[in-house]
Amino acid sequence: MESFPKIISVDDHTVEPPHVWRDRLPSKYRDSGPRIVRAPLKEMTFIGGKFAPKMGAPGDDGPLADWWVYEELHRPLTRLDTAVGYDRDEVKLEAITYEQMRPGSFSVPDRLADMDVNHVQSALCFPTFPRFCGQTFTEAADRELGLLGVRAYNDWMVEEWCGPEARGRLIPLIIIPLWDAELAAAEVRRNAARGVRAVCFSEIPPNLGLPSIHTDDWDPFLAACDETGTVVAMHIGSSSRMPSTSADAPPAVGSTITFANCCFSMVDWLMSGKFERFPNLKVMYAEGQIGWIPYILERADVVWEENRGWGGVADKVLRPPSELFTEHVYGCFFDDAFGLRNLDAIGVGNVLYETDYPHSDSTWPKSREVGEAQMGHLAPDVVERIVRGNAIELLGLTADGLWAGAPGA
């Protein structure tokens, strides 16, 4: 391509620096809130879609790693959290320290420099320690501390990660207290008041022991998103259960079918009636790719047309699901040549680009080259929409593609 647009990535990740909760929680929680401990790795497996690390005691054999410790949770930083800059064959299931990761994973100036290398102008970043929808705090026993932890993360995200140093190039994405929809709604409104337009949510809440979106339980939260124009962002794995086929399936099986949870989730939303009740609601699927979408829309329309009478949706889904998709749903991809060849069946306005920095799947530092190779058959105005235009509209960015709520914007 003669000129490839500057990328707005709607799915990157931040590895939270050690001070996030230490600096923001009340002093009485400093020793019980999330904190970093350096300790040996005793054992770590990732089989059947389940990640299982075991922390050793001081003096034990095993490689040293930095661990997030919070109540009963012990979670190490891993090479899969921050794999960019390493040869693919060097990216293995191993625990690491901050010194062993690329600084752009947790440092704003270094992140901006790595974005420059990758032809990326702006980026929306999902959490690491809180996990993809903040379920770490939902699973904790102390709800008071959990709520403070959620708010502390959001304050750090807005004030520091996306603060003055980022110059509007980092776009805030908040988490919510999933255990209480009213508290979640309040957190959405609190952050919308300072310009935040995206919130993490679970692709399949029942996998977290939470109500499904077919209930009314989430309505206060969804109403807040509808009223404030806050996008509901769902990342693969945000139900704490990656797709797999058996308990002994290697990670490669799950990695191949990561889109499956997005597929199931999208059908849930299309058949829930929520888009009828909340007409301004927008949802996006991060890292789910897009090639699977055309068939699901075709099948959903057939089911709605032929089976809605007994399918339990006739009174709440009043239009074909494909129409609802066009108005409310966005698919995100970083490497999907098949999906781009079938773009007409998805919709130019429903597709967003991402780089997945700094994860093992990331196309960094060649996201531009990948985009040029896979979008070369598309008209320049279509490429512009996919790579940045749709994100600017969805996330309420400035015409230049920067976060509109950034200091000085």
Roughly how far, to the nearest 0.5 Å, is the OG1 atom of Thr14 from the CZ atom of Phe129?
13.5 Å
Of all heavy-atom pairs linking Pro177 and Leu147, the shortest is CG-CD1, 3.8 Å
Look up atom CG in Asp66 and atom CD in Glu99, then write down how far apart they are to the nearest 0.5 Å.
6.5 Å
Answer yes when Glu165 and Arg111 have at least one side-chain N-carboxylate O distance shorter than 4.0 Å, and no when they do not.
no
Using the test side chain to side chain contact (heavy atoms under 4.5 Å, CB included), find all partners of Val317 that sit at least two apart in sequence or belong to another chain.
Trp304, Val313, Leu324
Charged N to carboxylate O below 4.0 Å: is that the case for Arg277 and Asp226?
no
To the nearest 0.5 Å, what is the distance between CG on Asp268 and CD on Glu203?
11.0 Å
Side chains of Leu148 and Pro26: does their closest heavy-atom pair fall under 4.5 Å?
yes
Face-on cation placement of Arg79 at Tyr86 ring, 6.0 Å and 45° thresholds:
yes
Residue pairs, two or more places apart or on separate chains, that pass salt bridge (charged side-chain N to carboxylate O under 4.0 Å, His left out) and touch residues 319-328:
Arg319-Glu323, Arg319-Glu327
Any chance you could lay out the side-chain hydrogen bond (donor to acceptor under 3.5 Å, both in side chains) test for Ser322 and Asp301, step after step, and finish with the verdict?
CA-CA 6 Å; Ser322 61; Asp301 278 359; 2.6 Å; yes
Nearest heavy-atom contact between Gly56 and Ala39 is O-CB, 3.9 Å
Heavy-atom closest pair (Pro5 atom, Val387 atom, distance to 0.1 Å) is O-CG1, 3.7 Å
Applying salt bridge (Lys or Arg N to Asp or Glu O under 4.0 Å) to Arg30 and Asp23, what does each step give before you reach the verdict?
CA-CA 8 Å; Arg30 294 275 165 77; Asp23 290 356; over 6 Å; no
What pairs of residues pass the side-chain hydrogen bond (donor to acceptor under 3.5 Å, both in side chains) test when at least one of them lies in residues 134-144, not counting sequence neighbours?
Tyr29-Glu144, Arg131-Thr136, Arg131-Glu139, Gln135-Ser240
Applying salt bridge (charged side-chain N to carboxylate O under 4.0 Å, His left out), which residue pairs with at least one partner in residues 280-296 are found, sequence neighbours left out?
none
ring-ring contact (aromatic ring centres under 6.0 Å, His included): pairs with one or both residues in residues 224-257, sequence neighbours excluded
His13-His235, Phe126-His235, Phe132-His235
Answer with yes or no after comparing the ring centroid distance for Phe137 and Tyr70 against a 6.0 Å cut-off, counting only values under it.
yes
Kindly assign one of parallel, tilted or perpendicular to the pair Trp218 and Phe221, based on the angle between their ring planes and the thresholds 30° and 60°.
perpendicular
How long is the gap from SG on Cys200 to CD1 on Ile174, to the nearest 0.5 Å?
8.0 Å
State, yes or no, whether a side-chain contact exists between Met234 and Trp269 at a heavy-atom distance under 4.5 Å.
yes
Evaluate the salt bridge (Lys or Arg N to Asp or Glu O under 4.0 Å) criterion for residues Glu372 and Lys366: first the C-alpha distance (whole Å), next the side-chain angles of each, then the deciding distance (0.1 Å), finally the verdict.
CA-CA 10 Å; Glu372 287 176 329; Lys366 298 181 178 180; over 6 Å; no
Quick one: does Glu94's side chain get under 4.5 Å of Leu80's, heavy atoms only?
no
May I ask you to decide whether Arg151 forms a salt bridge with Glu187, counting only side-chain N to carboxylate O separations under 4.0 Å?
yes
Taking atom types as modelled, find out whether Thr128 and Asp81 have a side-chain donor-acceptor pair closer than 3.5 angstrom.
no
If you measure from CG on Leu340 to CD1 on Ile290, what distance do you get to the nearest 0.5 Å?
4.5 Å
Could you check if a side-chain atom of Ser9 sits within less than 4.5 angstrom of a side-chain atom of Tyr357, using non-hydrogen atoms only?
no
Side-chain heavy atoms of Cys133 within contact of Ile175, under 4.5 Å
no
Of all residues at least two apart in sequence or in a different chain, which pass the side-chain hydrogen bond (donor to acceptor under 3.5 Å, both in side chains) check with Asp336?
none
Which heavy atom of Cys225 sits nearest a heavy atom of Val199, and at what distance?
SG-CG1, 3.9 Å
Could you give me the CA-CA distance, side-chain angles and deciding distance for Ile386 and Val383, then say whether side-chain contact (heavy atoms from CB on, under 4.5 Å) is met?
CA-CA 5 Å; Ile386 292 171; Val383 176; 5.9 Å; no
Check the pair Phe106 / Tyr98 against ring-ring contact (aromatic ring centres under 6.0 Å, His included), numbers first and verdict last.
CA-CA 9 Å; Phe106 57 87; Tyr98 279 94; 5.4 Å; yes
Within the 3.5 Å criterion, strictly below it, is a donor on Thr398 or Asp400 matched to an acceptor on the partner's side chain?
no
Using a distance-only test with no angle check, is there a side-chain donor-acceptor pair under 3.5 angstrom linking Ser367 and Thr355?
no
Is the centre of the Phe334 ring less than 6.0 Å from the centre of the Tyr353 ring?
no
Test item: Leu270 and His328 side chains (from C-beta on) under 4.5 Å apart, heavy atoms:
no
Taking the basic N atoms (NZ, or NE/NH1/NH2) and the acidic carboxylate oxygens, is any pair closer than 4.0 Å for Asp31 and Arg22?
no
Shortest non-hydrogen contact from Leu145 to Ser32?
CD2-O, 3.9 Å
Answer whether the closest heavy-atom distance between the side chains of Pro294 and Ile346 falls below 4.5 Å.
yes
When rounded to the nearest 0.5 angstrom, what distance separates SG in Cys162 from CG in Leu124?
8.0 Å
Is there a side-chain contact between Phe201 and Ile176 (heavy atoms, below 4.5 Å)?
yes
Flag the pair Arg388 and Glu393 as a salt bridge only when some basic side-chain nitrogen lies within less than 4.0 angstrom of an acidic carboxylate oxygen.
no
Assess the residue pair Asp114 and Arg102 against the criterion (salt bridge (Lys or Arg N to Asp or Glu O under 4.0 Å)); give the C-alpha distance rounded to whole Å, side-chain angles, the decisive distance to 0.1 Å, and a yes or no.
CA-CA 10 Å; Asp114 278 354; Arg102 193 170 184 86; 2.7 Å; yes
Check step by step if side-chain contact (heavy atoms from CB on, under 4.5 Å) holds for Thr228 and Val188.
CA-CA 8 Å; Thr228 60; Val188 166; 3.7 Å; yes
Show, in sequence, the C-alpha distance, side-chain angles and deciding distance for Asp116 and Lys6, and conclude whether the salt bridge (Lys or Arg N to Asp or Glu O under 4.0 Å) test is met.
CA-CA 10 Å; Asp116 289 339; Lys6 276 296 191 79; 5.3 Å; no
So, for His119 and Phe4, which heavy atoms are closest and what is the spacing to 0.1 Å?
NE2-O, 2.7 Å
